[in-house]
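All chains are named by letter (A, B, ...) in the order of the sequence lines, taking the proteins before the strands, and each is independently numbered beginning at 1.
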Protein chains: 2
Amino acid sequence: MSTGYGYDRAVMHQQPIGLVLTRTSRAVSRAFDERLAAAGGSLPVWLILLALKTQPARSQSELAGAVGIRGATLSHHLDGMEAAGLVTRRRDPASRRTSLVEMTEAGTQLFLRLREAAVAHDKRLRAGLSDEEVAHLAALLATLAANVTS
Amino acid sequence: MSTGYGYDRAVMHQQPIGLVLTRTSRAVSRAFDERLAAAGGSLPVWLILLALKTQPARSQSELAGAVGIRGATLSHHLDGMEAAGLVTRRRDPASRRTSLVEMTEAGTQLFLRLREAAVAHDKRLRAGLSDEEVAHLAALLATLAANVTS
DNA sequence: TATTGTTATACTCTATAACTATA
DNA sequence: TATAGTTATAGAGTATAACAATA
């Protein structure tokens, strides 16, 4: 019997999808980490800069939520990023216990380099896949994510 | 214009597929880690036991390759697993510098518990997806993995 | 000399708990 | 009291380099 995708039922159930996802994600993450490191960054730094770029001057709690890490973990990364001159922290005038994180010029420069690395990584990932297939993949992944968070 | 998947081109390119994969994989991995921990294991322990189950009495270098980690990292995990009574290491009679890793009865018991957790995780992941969609997802992920390793 | 595995050491990411400053 | 963020500490996973044993 044909599934319409070129796989029969015997093959389809060979590997749990969670295992396939874990292995793929490990391989792909490792490749991405290498590219980011070569460009002078890391995954958390990239995710933090990306979150800041899409919505500048965020409070740390918002930022931690956007990146998917705890506040203390974010503090840890921001310490390094601030020391490296990538971001600044200043108190929110409206509430002095909130701190607003902003990207510096050097942060923007690194962001651009990391974005290049991310774009190159993405191009490599998409090889052999049509836009439709990539869109379908994104939709399937979104379903998986929803399944574990609900 | 319709792509046939219910997504139009404007939506399709909103998010790089690498980012979607990273985020999905983080969320899914975290959920899986929690299940494995609740069952008394961890991801590396699960992957090592799984590799041993599918091909018993492997040398450590084979095992490290199958799991996707370095030899020294495997030694580290095996130390803990051996101390916990999950595996044994014995010298290969054919070549005394090679060590064969075997699962103990306790290792088998843990393997079964972790497999239960993995099956439950997989069932949850598949919610709302047909067998055909899961098979297609697996094929797409295989393409991504091939793209970064080639 | 080359290979298998171990040991020593260290790095990154993450977390929890206790703390400070502010509201 | 409650909240935003920091600091101290720790644990898991991984890695490289130097080493020992064996081939």
Distance in angstrom units between A/L47 CG and C/dT12 P, rounded: 17 Å
- request: Select from A/H77 and B/S61 the residue whose nearest nucleotide in DNA chain C is closer to the 5' end of that strand.
  value: B/S61
- line: note: B/D79, atom CG; C/dT6, atom C1'; distance rounded to Å ~ 8 Å
Rounded distance (Å) that lies between atom P of D/dG5 and atom CD of A/E82: 13 Å
field: Closest listed nucleotide, where the reference is the side chain of B/A72 and the choices are C/dT7, C/dT16, C/dG5
entry: C/dT7
- request: Just call it for A/S99: base, sugar-phosphate, or nothing, with non-hydrogen atoms closer than 4.0 Å on any strand.
  value: sugar-phosphate
- prompt: Is there a side-chain polar atom (N or O) of A/R70 under 4.0 Å from OP1 or OP2 of C/dC13?
  reply: no
field: Protein-nucleotide distance (A/I48, atom CD1; C/dC13, atom C1'), rounded to Å
entry: 11 Å
query: Which sits closer to the 5' end of DNA chain D, A/R91 or B/S95, going by the nucleotide each is nearest to?
result: A/R91
- request: Would you kindly compare B/R97 and A/R26 by the position of their nearest DNA chain D nucleotide and give the one closer to the 5′ end?
  value: A/R26
field: Side-chain donor/acceptor of B/D92 to backbone N/O of B/L100, under 3.5 Å
entry: no
task: Give me the ring orientation class for A/W46 and A/F111: parallel if the planes are under 30° apart, tilted from 30 to 60°, perpendicular past 60°.
output: parallel
CZ (A/R89) with more than 12 external heavy atoms under 6.0 Å: yes
message: Can you measure A/I69 atom CD1 to C/dT16 atom P for me and round it to whole angstrom units?
response: 13 Å
message: Go nucleotide by nucleotide along DNA chain C from the 5' end; which of B/E62 and A/P93 gets its closest nucleotide reached first?
response: B/E62
Euclidean distance, atom CG of residue A/L43 to atom P of D/dG13 [Å, nearest integer]: 18 Å
- prompt: If only side-chain N and O atoms of A/T73 are considered, is one of them under 4.0 Å from the OP1 or OP2 phosphate oxygen of C/dA15?
  reply: yes
Separation of atom NE2 in B/H76 from atom P in C/dG5, rounded to whole Å: 18 Å
query: Looking across every strand, which nucleic acid part, if any, lies under 4.0 Å from B/S75 by heavy atom: base, sugar-phosphate, or nothing?
result: base
message: Would the distance check show the side chain of A/T104 and the main-chain N or O of A/L86 forming a donor-acceptor pair, the cut-off being under 3.5 Å?
response: yes
- request: Figure out the CZ/P separation between B/R30 and C/dC13, and round it to whole Å.
  value: 14 Å
task: Starting from the C-alpha separation in whole Å, work towards a yes-or-no answer on side-chain contact (heavy atoms from CB on, under 4.5 Å) for B/R26 and A/L47.
output: CA-CA 13 Å; B/R26 283 183 150 214; A/L47 293 176; 3.9 Å; yes
